[in-house]
Protein chains: 2
Amino acid sequence: MYTQLSEHIRRFVTLTVDEEQLLQAKIQSKTLKKKEFLLQPGKVCPGNYFVVKGCLRLYFVNDKLNEQITQFAIESWWIADYDSLLNKQPSQCYIQAIEPCELFFLPAMHQTELFEQVPKLQTYFYIMMQKAFVASQRRIGFIFNQSDEERYRHFVKLFPGFIQRVPQYMLASYLGFTPQFLSRLRAKKD
Amino acid sequence: MYTQLSEHIRRFVTLTVDEEQLLQAKIQSKTLKKKEFLLQPGKVCPGNYFVVKGCLRLYFVNDKLNEQITQFAIESWWIADYDSLLNKQPSQCYIQAIEPCELFFLPAMHQTELFEQVPKLQTYFYIMMQKAFVASQRRIGFIFNQSDEERYRHFVKLFPGFIQRVPQYMLASYLGFTPQFLSRLRAKKD
DNA sequence: CGCGACGTTGATTTGCCTCAACGATTGTGG
DNA sequence: CCACAATCGTTGAGGCAAATCAACGTCGCG
């Protein structure tokens with residue numbers, strides 16, 4: 001069970017056995033039922049979560065009272081509200097389980113301690129953050145340069161199989177259009 | 001001149017005199033004329049640039065042969081094509097000076113060395129990256145939840161004075177609409 | 001069984017783009 | 001120093017993609 005995280009880290013940095021144990025000591029397991037919340041508005045995000053099994057969404061409620069999904073997380077992804085985590089401010093977001101989930105939780109304070117004990121772990125999280133940043137820059141590029149239809153086709157190609165795991169209205173929200181429009185897209189050709 | 005970077009770092013981590021000197025030794029000065037390029041497609045982004053004075057844009061040319069600006073950088077911001085830098089792949093972007101610029105250049109290889117010598121600098125860049133990620137997540141939120149008009153008003157409120165530094169068509173590109181539309185917005189009420 | 005959640009489909013509206021023409025300003029070569 | 005081109009902004013007319021509003025079908029679950 002812990003091996004999944006361990007393997008993921010090994011893809012980017014090499015830890016000694018001692019260092020692995022330091023990490024393991026700081027990590028907690030957590031399970032969520034479907035539709036259960038990991039974070040709700042008003043609470044400060046307490047740390048980082050690593051998805052062992054399951055699927056979550058990060059979203060907020062916009063001015064028009066619609067849910068706007070900004071991120072999904074599946075197996076071997078980290079998720080947190082970094083805006084809240086970094087600035088120690090109350091979150092404005094929900095993080096919710098779409099499926100039953102098994103997670104690892106790394107509390108923010110433990111993480112800072114860890115970085116001093118094991119600088120290589122800071123390197124690992126630095127790389128994760130760079131990847132996340134690059135991904136969101138790419139996403140901004142796609143938003144501005146592709147039509148909604150192109151973006152949908154592109155997403156399906158990029159994450160085949162994922163569409164079966166989430167309701168269509170969530171996918172529509174993530175892609176930035178209405179469920180009705182997505183339904184029409186699928187009717188055209190699929 | 002170097003003090004500007006030094007002060008910026010001090011806002012996040014505290015360096016000893018020795019550590020500051022290690023950093024200074026790795027950094028190069030660079031100046032750009034207006035419209036000069038810092039990076040062009042096909043070249044691997046060689047490192048990070050810190051803007052001492054001036055203003056730059058990062059953009060790429062999309063399928064419809066329009067320039068799509070994804071980032072601006074002004075005084076005390078870092079800029080680079082992280083997609084290229086992180087994956088060591090040829091860039092698909094241009095980074096161009098909008099005004100005459102004074103920059104500091106931190107080559108990628110020097111940066112990795114520095115991180116080993118001075119872990120606190122890795123912490124600093126980790127924080128920068130987190131901030132950049134949060135900013136781009138917020139931007140995605142704005143794109144999906146505000147009309148083009150609202151986004152323009154919001155941007156002007158957030159960076160008053162900046163609109164005088166860049167041509168309108170660049171601002172329109174960054175905000176994701178046409179120069180004509182921006183012109184109409186300004187005509188309405190300003 | 002009946003209710004709520006989710007998806008589909010049709011009719012209408014609208015925000016923004018496209019195409020096009022025209023000023024104003026800046027820059028450049030003769 | 002002027003003439004001309006290039007760049008940038010403005011304005012008008014027409015078109016289209018996607019939203020909105022609304023009704024209906026279907027599945028799963030208490």
Side-chain angles (χ1 to χ4, degrees), chain A residues 33-37 55 57 59 61-69 72 94 96-100 140-156 162-190, chain B residues 33-37 55 57 59 61-69 72 94 96-100 140-156 162-190:
Chain A
K33 295 182 195 131
K34 191 172 170 174
K35 301 206 177 179
E36 207 174 334
F37 289 100
C55 175
R57 60 173 180 154
Y59 70 95
V61 175
N62 68 19
D63 309 336
K64 295 146 208 147
L65 298 180
N66 295 327
E67 296 176 353
Q68 176 59 55
I69 297 177
F72 290 112
Y94 299 82
Q96 188 191 30
I98 298 177
E99 304 169 352
I140 290 172
F142 289 139
I143 291 170
F144 285 139
N145 289 300
Q146 299 182 331
S147 69
D148 288 10
E149 171 159 3
E150 285 170 327
R151 241 176 21 258
Y152 165 70
R153 308 261 178 230
H154 181 257
F155 185 90
V156 171
F162 182 69
I163 32 169
Q164 277 105 44
R165 292 177 69 173
V166 298
Q168 284 192 28
Y169 75 92
M170 289 193 192
L171 189 53
S173 167
Y174 177 82
L175 292 173
F177 46 70
T178 60
Q180 293 95 319
F181 181 69
L182 180 51
S183 172
R184 280 180 237 270
L185 278 185
R186 304 197 44 164
K188 280 210 300 185
K189 193 189 69 177
D190 195 47
Chain B
K33 294 181 195 138
K34 191 173 171 174
K35 300 202 177 182
E36 206 173 335
F37 289 99
C55 176
R57 61 172 179 155
Y59 70 95
V61 175
N62 68 19
D63 309 334
K64 295 146 209 149
L65 299 181
N66 295 326
E67 296 176 354
Q68 176 59 55
I69 297 178
F72 289 113
Y94 299 83
Q96 187 192 32
I98 299 177
E99 304 168 353
I140 290 172
F142 289 138
I143 291 169
F144 285 140
N145 290 300
Q146 299 181 329
S147 68
D148 289 11
E149 170 159 7
E150 287 169 326
R151 238 171 30 255
Y152 166 68
R153 308 264 178 226
H154 181 258
F155 185 89
V156 171
F162 182 70
I163 31 171
Q164 277 105 44
R165 290 178 71 173
V166 298
Q168 283 192 27
Y169 76 92
M170 287 192 192
L171 188 53
S173 166
Y174 177 80
L175 291 172
F177 46 71
T178 59
Q180 293 94 320
F181 181 69
L182 180 51
S183 173
R184 281 178 236 270
L185 278 184
R186 303 196 45 163
K188 279 211 300 184
K189 193 190 69 173
D190 196 47

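Below, chain A is the first sequence line, B the second, and so on; all start at residue 1. Since the structure is predicted, the reported quantities are computational estimates derived from the model, not experimental observations.
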Item checked: Stepwise side-chain contact (heavy atoms from CB on, under 4.5 Å) check, Tyr152(A) with Leu171(A) -> CA-CA 9 Å; Tyr152(A) 165 70; Leu171(A) 189 53; 4.2 Å; yes
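For the pairing with Glu99(B), the side-chain hydrogen bond (donor to acceptor under 3.5 Å, both in side chains) check across Lys33(B), Lys34(B), Arg165(B), Lys35(B) returns one residue only, Arg165(B).
The distance between atom CG of Leu185(A) and atom P of dT9(C), rounded to the nearest whole Å, is 12 Å.
Side chain of Glu36(A) to backbone of Ala97(A): no donor-acceptor contact under 3.5 angstrom is found. Proximity of a side-chain donor or acceptor of Gln146(A) to a complementary backbone N or O of Ile143(A) within less than 3.5 Å is not detected. With hydrogens and angles ignored, the 3.5 Å screen pairs a side-chain donor or acceptor of Arg151(B) with a backbone N or O of Leu175(B). The closest donor-acceptor contact from the side chain of Asn145(B) to the backbone of Gly141(B) lies under 3.5 Å. Using modelled atom types, one side-chain atom of Ser173(A) and one backbone atom of Glu67(A) make a donor-acceptor pair closer than 3.5 Å.
Ile98(B) is listed as a side-chain neighbour of Phe72(B), based on a closest heavy-atom distance under 4.5 Å. The shortest side-chain heavy-atom distance between Glu150(B) and Phe142(B) does not fall under the 4.5 Å cut-off.
Listed by residue number, Pro167(B), Gln168(B), Tyr169(B) are the residues of residues 167-174 of chain B with a heavy-atom contact under 4.0 Å to DNA chain D.
Note that the first and last nucleotides of DNA chain D, 5' to 3', having any atom under 4.0 angstrom from a heavy atom of chain A are dA18(D) to dA22(D).
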Next item on the list: Could you run through nucleotides 11-22 of chain C and give me one letter per nucleotide, 5' to 3': B if any protein heavy atom sits under 4.0 Å from the base, S if only the sugar-phosphate is that close, - if neither?
Entry: B----SSBBB--
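Relative orientation of the Tyr59(B) and Tyr94(B) rings is parallel, given thresholds of 30° and 60° on the angle between their planes.
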